[in-house]
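The structure appears below as structure tokens.
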Amino acid sequence: QEFQFGPCQVEGVVLQELWEAFQAMKDIAQAQDNITSVQLLRKEVLQNVSEAESCYLIHALLEFYLNTVFKNYHDKAVEFRILKSFSTLANNFIVIMSKLQPSQEKEMFSIRESARRRFLLFRRAFKQLDREAAVTKAFGEVDILLTWMENFYQL
Amino acid sequence: DGVAALPAPQNLSVQSTNMKHVLTWSPVVVPEEIIHYSVEYQGEYESLYMSHIWIPSSWCSPTQGPECDITDDITATVPYSLRVRATLDSLTSAWSTLKHPFNRNSTVLTPPGMEITKDGFHLIIKLEDLGPQFEFFVAYWKREPGAKEHVKMVRRGGIPVHLETMEPGAAHCVKVRTFVKAIRRHSAFSQTECVKVQGETLPL
């Protein structure tokens, strides 16, 4: 059981454990999101992502989640008493990040750019919202992210 | 007010076997008093992004014994920092922190227990239930020169599994080891056990 994001292989993460951690937070996290007309991880970001693109895209998304979303959601995690599940998710995202080695070779430039455009769609939508609302929405959309990641998980 | 400060717990260490992790320390002794302890942890995320944040252990905040089952707290294969302090009424000791962060990939994996039975000519194995983290790699063969070794992955312990239909009069042997997905490691093989359809379990 491992992730295979195109050329990037990630072992040592059990997807079921990530799902269990998010399920424990899902209701309370998504209940805080009042903006139902916007989806940050929308079709244009995640649909029809090629294998080759997937490593670049997951790397950019997880980096953003760790550096921006989780960091700014932490106080809410304490407030909602979901710190343990929050920690499980964050630490497993760190494991995945540490094992992703997206290639920087020149031939991959167009694929890298394609993945980058997808990520920028997500980040632009994030920035168009009020900061706290954006963090809350992005955290609530972790199930969308996990569902997409599941496509690259091999039992 | 002359109240002696409470000494901090010493000699913290983690014993981990088959993905069960126990933090232990030397007890703080105050004659005729009951000391309580609180355990907290930090994963790599917390130490990298918010080092001031420590998370209370699931089962030991507080606890009386000088040990704490931290298995439910260690939920990623990253280094975890752990700390303990003692409390007596309003007195609280300083925190003692585990010298080296603990990573679950260092757990000791032991060969699993197994029970080999015969149901008529059927060879049945029942493996020790070690929890959802464990899979089992079962090797079995007919004991004769040049015999082919068969392999079966068993996803869960605690339930009988049919291995094969045995040949009357031939000895059939089995050995097994565990595999832990989250840390990508396996245990050593168990002892080999052989059975004969009519006979008893043969000594090696």
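Numbered from 1 within each chain, the chains take letters A, B, ... in sequence-line order.
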Highest number of heavy-atom pairs under 4.5 Å with chain B among A/Val13, A/Val14, A/Leu89, A/Leu66 belongs to A/Leu66
### Task
Tell me yes or no: between the side chains of B/His172 and B/Glu164, is some donor less than 3.5 Å from an acceptor?
yes
Is there a donor-acceptor pair under 3.5 Å between the side chain of B/Arg177 and the backbone N or O of B/Ala139?
-> no
Q. Side chain of B/Thr71, backbone of B/His21: donor and acceptor closer than 3.5 Å?
A. yes
Looking only at A/Lys71, A/His74, A/Glu2, most heavy-atom pairs under 4.5 Å shared with chain B are made by A/His74
Chain A shares the most heavy-atom pairs under 4.5 Å, among B/Ile53, B/Val180, B/Asn105, with B/Ile53
A/Glu141 side chain to A/Gln39 side chain, donor-acceptor N/O pair below 3.5 angstrom: no
**Asked** Salt bridge between A/Lys76 and A/Glu132, side-chain N to carboxylate O under 4.0 Å?
**Response** yes
*Before accepting this row, confirm whether a basic side-chain N of the pair B/Arg104/A/Glu17 lies closer than 4.0 Å to the acidic partner's carboxylate O.*
yes
Turns out that what part of A/Phe70 lies under 4.5 Å from chain B's heavy atoms comes down to both
Under 4.5 Å to a heavy atom of chain A? For B/Leu48 that would be side chain
Assert top hit (heavy-atom pairs under 4.5 Å, partner chain B, pool A/Val95, A/Ile94, A/Thr88) equals A/Ile94
Okay, B/Gln42 and chain A: the region with an atom under 4.5 Å from a heavy atom over there is neither
